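Here is the naming used below: chain letters follow the sequence lines, and residue numbers restart at 1 for every chain. Only a predicted model underlies this, so the values are computations on that prediction, with no experimental measurement involved. Heavy-atom basis, side chains included; hydrogens, waters and symmetry copies ignored.
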Protein chains: 2
Amino acid sequence: MPNTYVSAAEAMIRKEGGRATDSRVRILALLLAEDQAITHREIETRMSGQQLDRVTLYRVLQWLADRGLIHKISSDDHVWRFHVNHAAYAHQHAHFKCTNCAKVVCLEDLASGRQSERLLTLPAGYRFQAIELTIKGLCAKCV
Amino acid sequence: MPNTYVSAAEAMIRKEGGRATDSRVRILALLLAEDQAITHREIETRMSGQQLDRVTLYRVLQWLADRGLIHKISSDDHVWRFHVNHAAYAHQHAHFKCTNCAKVVCLEDLASGRQSERLLTLPAGYRFQAIELTIKGLCAKCV
DNA sequence: ATGATATCGCAACACAGTTGCATTGATTGT
DNA sequence: ACAATCAATGCAACTGTGTTGCGATATCAT
């Protein structure tokens with residue numbers, strides 16, 4: 001884990017007014033270094049060797065997500081995946097999931113909220129709040 | 001459960017070449033009578049009183065989904081919901097989920113596959129297969 | 001009616017995620 | 001630098017969804 005990720009992680013956590021504990025810093029640094037969205041299980045595996053309780057990992061991930069440092073991605077395999085909130089993904093954005101290797105990546109921000117809202121009509125009396133868009137297909141490795 | 005749903009369910013099952021067992025017929029009839037997508041748990045509750053094992057329900061739902069009589073809807077609460085495949089929903093279609101009461105309904109078929117595909121660009125080498133679109137908001141009751 | 005076998009029911013399991021509580025440790029004030 | 005505070009951790013136990021193996025049962029073709 002390059003030192004830049006660790007110090008960046010610590011700075012982000014302190015900026016939120018939270019305690020910069022080992023767990024938080026290491027987990028966020030790991031996510032900063034990762035370009036794709038990864039699961040709780042995958043993080044746990046990468047962390048093995050270092051002391052880290054399952055529950056703590058759940059709580060740290062929730063804490064980071066609550067403060068908008070990362071975001072949770074729902075998927076059809078019913079496992080949450082986590083990804084850092086880079087500037088490009090600050091707004092609503094779509095996700096891509098490979099149907100072969102289950103890799104999940106964030107797609108660039110698309111002004112799809114408004115556009116897609118117009119593509120379809122909600123039943124009378126329904127109110128629009130947000131849109132969730134997942135593209136399924138094959139990633140470059142699995143094509 | 002009106003008789004028409006039961007006989008319709010039985011006909012659909014036989015058409016697929018499967019055995020028209022009590023469980024299959026009753027479950028499919030229940031889904032035919034339901035306008036919104038419901039969970040395994042909700043079906044189990046509605047079936048209580050009648051002999052029906054949890055595992056059988058899971059297997060029947062999978063069997064119906066495999067043959068395209070119903071479809072499974074993934075959601076951010078990580079619970080599958082099931083809905084009959086009416087003609088209007090035969091193609092790719094979006095879903096609506098109420099953020100208050102968790103009600104899920106299928107939205108009309110929208111030619112969003114091609115349109116949305118054009119809205120965003122996949123990374124180089126990626127292949128498009130399908131799109132999943134969920135609108136979140138408030139249903140008429142929860143507005 | 002009967003036999004072949006698809007389907008069911010039960011038990012046990014796998015895995016994601018949560019809660020309560022005692023312990024630990026990061027920060028703050030002195 | 002050190003103690004006090006209380007946020008955060010680790011552990012144990014739990015919940016809920018979904019799966020697997022296998023013997024028992026029920027459907028359908030004959």
Within one Ile-Leu-Val-Met-Phe-Trp-Tyr cluster: A:Leu69 and A:Tyr58, side-chain cutoff 4.5 Å: no

Interatomic distance where [atom1] belongs to [X] and [atom2] belongs to [N] [whole Å]:
X	N	atom1	atom2	result
A:Asp53	C:dT19	CG	P	15 Å
B:Asp66	C:dA6	CG	P	16 Å
B:Arg24	D:dT27	CZ	C1'	10 Å
A:Ile27	D:dA8	CD1	C1'	12 Å
A:Leu57	D:dA8	CG	C1'	14 Å
A:Glu16	D:dA7	CD	C1'	16 Å
B:Trp63	C:dC8	CH2	P	10 Å
A:Glu42	C:dC15	CD	P	15 Å

Test side chain to side chain donor-acceptor pair (under 3.5 Å), reference B:Glu132, set A:Lys136, A:His95, A:Lys97, output is A:Lys136

Can you check each nucleotide of nucleotides 25-30 of chain C against protein heavy atoms at under 4.0 Å and return B for base, S for sugar-phosphate only, - for none, in 5' to 3' order? BBS---

Does the protein touch nucleotides 14-23 of chain D at the base, only the backbone, or not at all? Give it as B, S and - per nucleotide, heavy atoms under 4.0 Å. --SSBBBB--

Quick one: does B:Leu133's side chain get under 4.5 Å of A:Thr134's, heavy atoms only? no

With no hydrogens and no angle check, just 3.5 Å: does a side-chain donor-acceptor pair link B:Gln129 and A:Thr99? yes

Measuring from atom CH2 of A:Trp80 to atom OG1 of A:Thr39, what distance do you get when rounded to the nearest 0.5 angstrom? 13.5 Å

Could you walk me through whether A:Arg14 and A:Glu10 pass the salt bridge (Lys or Arg N to Asp or Glu O under 4.0 Å) check? CA-CA 6 Å; A:Arg14 288 193 193 281; A:Glu10 192 176 336; 2.9 Å; yes

For residues A:His83 and A:His93, establish whether the separation of their ring centroids is below 6.0 Å. no

Under 4.0 Å between a side-chain N or O of A:Gln51 and OP1 or OP2 of D:dT9? no

So A:His78 and B:His78, would you call those rings parallel, tilted or perpendicular, with 30° and 60° as cut-offs? parallel

A:Phe82 vs A:His71, test: ring-ring contact (aromatic ring centres under 6.0 Å, His included). Steps then yes/no. CA-CA 6 Å; A:Phe82 301 87; A:His71 63 280; 9.2 Å; no

